[in-house]
Amino acid sequence: MKTLTLLGYFLAGLAVKWAVALWNRPRRRYPPGPKGLPILGNIFNVPLENSWLVFTDWARQYGSDVIHVEALGKHICVVNSAKAAKELFHGRPHIYNDKEQSVMLLELTGWRRAWVMRPYDDYWREHRRLFHQHFRPMAVPQYHPKQTKAVRRLLPLLLDTPGDFYRHIRYMSGSSILDVVYALDVRPGDPRLKLVEKAADTSNHIVNAGVYLVDIIPILKHIPTWFPGAQFKRDAARYKKWVDAMYETPYNQFKDAMREGKAQPCFTAALLSQADADTTNTPELDEIFMSLTGTAYVAGSDTTVIALTTFLLAMVLHPEEQAFVQEELDRVVGRDRLPEMADRESLPRVTAVMQEALRWHSPLPLATPHRAMTDDEYNGYHIPAGSIVMGNSWAILHDEETYPDSYSFNPTRFLSAAGTLRDDVPFPGEVFGYGRRICPGRYFAVDTLFLAIAHILAVFTVERAVDQDGDIIEVKEDFTPQFLSLPKPFKAHFKPRFPGVEGLIRAAALEDS
Ligand code: HEM
C-alpha cells in the first residue's frame, strides 16, 4: 500500500513537472489558429469529423493559408492553399516529407510493411524508386489490357445485380490490382480477394478511429493483452494475423509458382527477375518486395473505389452532365463496340467528368499527414520540428479563384469553348497528395478511372432507383466525415442505354475471360 502511495506521489510529481515545463517553454509565433487552453491546448477544438471543412473556415477566419493548433504539446499545421503547399511540400522536400510514426499501426498491427507510412529515409527511397520504375507514365500502358479486362467484367455484374454496385466496384478495383501485382485471376467471392479486403479494412478502421492512447503514451504497448483496457492490444493481435497474411500469402504463392515455372508476367515477377539471381532469396529483399506488392493493394484499391462511387453519386445527382458525356461517347465510340484506352484523346468530356469527380470530393480530403523534420519558418511564422503538417486538399480544390462556383459539380470547367481540355485550369493533383510523397500510383489510378467511367456511361444511364411501390428513392450529396471520405450508402439503378447493350456487354466479358 505504502509503495502504491509513493508511486502515486512520484507520478503526480512527474505530471506537475511536465505541465510546468510545457507552460514555461519559450513562446514562438506559430501560424494563427483558435486560442487553446493552458496545458491542454486545442484538444477540444481539434475537429474529429469533417475536419477539412473546419480547417478551411479557420483559414478564412484567421486570414492565413497555414493555420496551427496544438494538442497536449503536439503541433498541427494545416496548409490550405496551392501556393503554400507548393512552397512547403514541393519546395522544401528535406523538411516536409516525413511521416508520423504510429505505434498502433506500425508496431502492433503488422502495418510496418506499408511503406506509405515509413519515415523519409533511405529505406523509403528504395521502395519509392522500385515502385516508380513499374508505375511511371511510360510503364503503366503495359497494364491497360488487365485494367480493361477488369472493367469489362464489371459491366455484366452491374447489369445483373445493379443494387450491389458498391460491391461490384470493389471487386473490379481489387481484382485489377491483384492481377497487375500477382497475376491473380480472381472471381467475385474469391478467398484471396476476401483476405486482402479484410486486411485493408483494418487500416481504414484504425485510421478512422482517430488517436489511440498508445500513440500518445507508447509505453502502453507493453501491457499484456488480458489487462483491463487493453482492447487495443487484442484488436491489434487479431488485425496482425490478417495483415501479415495479406503481405505474405500471395507473395509466397507467387514465388512458389515461379519456382515451378508457372508464373505469369506481373509486378511481382518483374521485381523478382530484376533482382540479382544470387540474392533473390535474401529475407531483406523479400521484405522489400512484399512491402511493395502488398502496399499497392492497400493504397490503391479503396481509394479507387471511393473515387468511382463519388463519380456515380455525381451522375445520379446531375443527369444533364451524364447526357453531355454520353453524347460524346456515342459520337466517338458509337454503339457497336466498347470504349478503349486508345479513345482517350478523343473523349475529353470523359476526362473532364473524372477530374471533376476527384475535385468535387476527393477520397482523402486531407491527403495523408506529413511530419516536419526540422524547425522552419513560413511567412514569419514558426513551424516546429515534429509538427504534423497536413495539406488540406479539400480547401485547395474548392478555391474559388481557381475553381469558380467550386461547390457545384461542373465538368465543363475543365473544357474550352472548342470542347478540348483547358490547360489553364489545373488537373486536381492535390487529390494525390504532396511533395515527394505524392501518390506514385496516380497514373495507374487515372487510367482505371478513365476506363471505368467511359465503359459505364457508354452502356448505362445511372439514375435514381425506385422502391417496391415504384417511388423514386431520393439521393443526397452526403459523405462520411472521416479521413477516408466516401459517399454515404445510396441507391442507384443502371439502365441499359440501347437495344443490344446486353449482347455487347456479355460478348466483351467472354472475350476478356
Ligand atoms: C483515386 C485513387 C487514388 C488516390 C485518390 C490516391 C491518393 C493518395 C494519397 C493522398 C497519398 C498520400 C500522399 C502524401 O502523403 O502526400 C497516396 C500515397 C500512395 N499511393 Fe495512392 N491514391 C490512389 C490510387 C493509388 C493506386 C492505384 C496505387 C497503386 C497502384 C497507389 C499507391 C500509393 C502508394 C504506394 C503511396 C505511398 C507513397 C509514399 O509514401 O511515398 N495509390 N495516394
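In this text the structure is predicted, and so the values were computed from the model without any measurement. For ligands, and for the atoms within them, numbers begin at 1 and follow the listed sequence.
For T295, no nitrogen or oxygen atom sits less than 3.5 Å from a nitrogen or oxygen atom of ligand 1, counting backbone and side chain alike. Not one N or O of T304 is nearer than 3.5 Å to an N or O of ligand 1, by distance alone. For ligand 1, one of its N or O atoms has an N or O atom of Y434 under 3.5 Å away.
Nearest to atom 13 (C) of ligand 1 among the protein's heavy atoms is R437 O, 3.1 Å. Atom 17 (C) of ligand 1 has its closest protein heavy atom at C439 CB, 3.5 Å. Residue, atom and distance of the protein heavy atom nearest to atom 33 (C) of ligand 1 are A299 CB, 3.4 Å. Among protein heavy atoms, atom 9 (C) of ligand 1 sits closest to F432 O, 3.7 Å.
Between F490 and F165, the ring center distance clears the sub-6.0 Å criterion.
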- Task: List the steps and the verdict of side chain to side chain donor-acceptor pair (under 3.5 Å) for E356 and H318.
- Result: CA-CA 12 Å; E356 182 65 349; H318 300 282; over 6 Å; no
- Tell me, with the steps shown, if S393 and Y434 meet side chain to side chain donor-acceptor pair (under 3.5 Å). CA-CA 9 Å; S393 307; Y434 301 93; 2.8 Å; yes
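To the nearest 0.5 Å, atoms CZ (R192) and CG (D185) are separated by 8.0 Å. L193 contributes atom CG, which lies 12.5 Å from atom CZ of R187 (distance to the nearest 0.5 angstrom).
Looking at F131, W124, Y123 one by one, the single match for ring pair (Phe, Tyr, Trp, His ring centres under 6.0 Å) with H127 turns out to be Y123. Partner I67 forms a side-chain contact (heavy atoms from CB on, under 4.5 Å) with one of F55, Y30, Y381 and no other, that one being F55.
Here is the list of ligand 1 atoms found below 4.0 Å of a heavy atom in V431: 5 (C), 7 (C), 10 (C). Of all the atoms in ligand 1, the ones that sit under 4.0 Å from a non-hydrogen atom of W124 are 39 (C), 40 (O), 41 (O). For ligand 1, the atoms lying closer than 4.0 Å to a non-hydrogen atom of W115 are 35 (C), 38 (C), 39 (C), 40 (O), 41 (O). Distances below 4.0 Å separate heavy atoms of V116 from the following atoms of ligand 1: 37 (C), 40 (O).
Under a 4.0 angstrom heavy-atom cut-off, H370 registers as being in contact with ligand 1.
For the pair R125 and Y120, the cation sits on the ring face: its NZ or CZ lies under 6.0 Å from the ring centre, inside 45° of the axis.
Checking side-chain atoms of N80 against main-chain N and O of A59 turns up no donor-acceptor pair under 3.5 Å.
Taking all heavy atoms of S291, G300, A367 into account, the minimum distance to atom 27 (C) of ligand 1 is reached by G300. Looking at T303, L358, V446 and measuring to atom 23 (C) of ligand 1, the nearest heavy atom belongs to T303. Comparing E430, H132, K99, R128 against atom 39 (C) of ligand 1, the shortest heavy-atom distance belongs to R128.
Counted within 6.0 Å of CD on E401, heavy atoms from surrounding residues, nucleotides or ligands total 12 or fewer; the atom is thus considered open. Within a 6.0 Å sphere centred on NZ of K491, heavy atoms belonging to other residues, nucleotides or ligands number 12 at most.
Neither the backbone nor the side chain of F89 has any atom closer than 4.0 Å to an atom of ligand 1 (non-hydrogen atoms only). Counting heavy atoms under 4.0 Å from ligand 1, residue R118 does not touch it at all.
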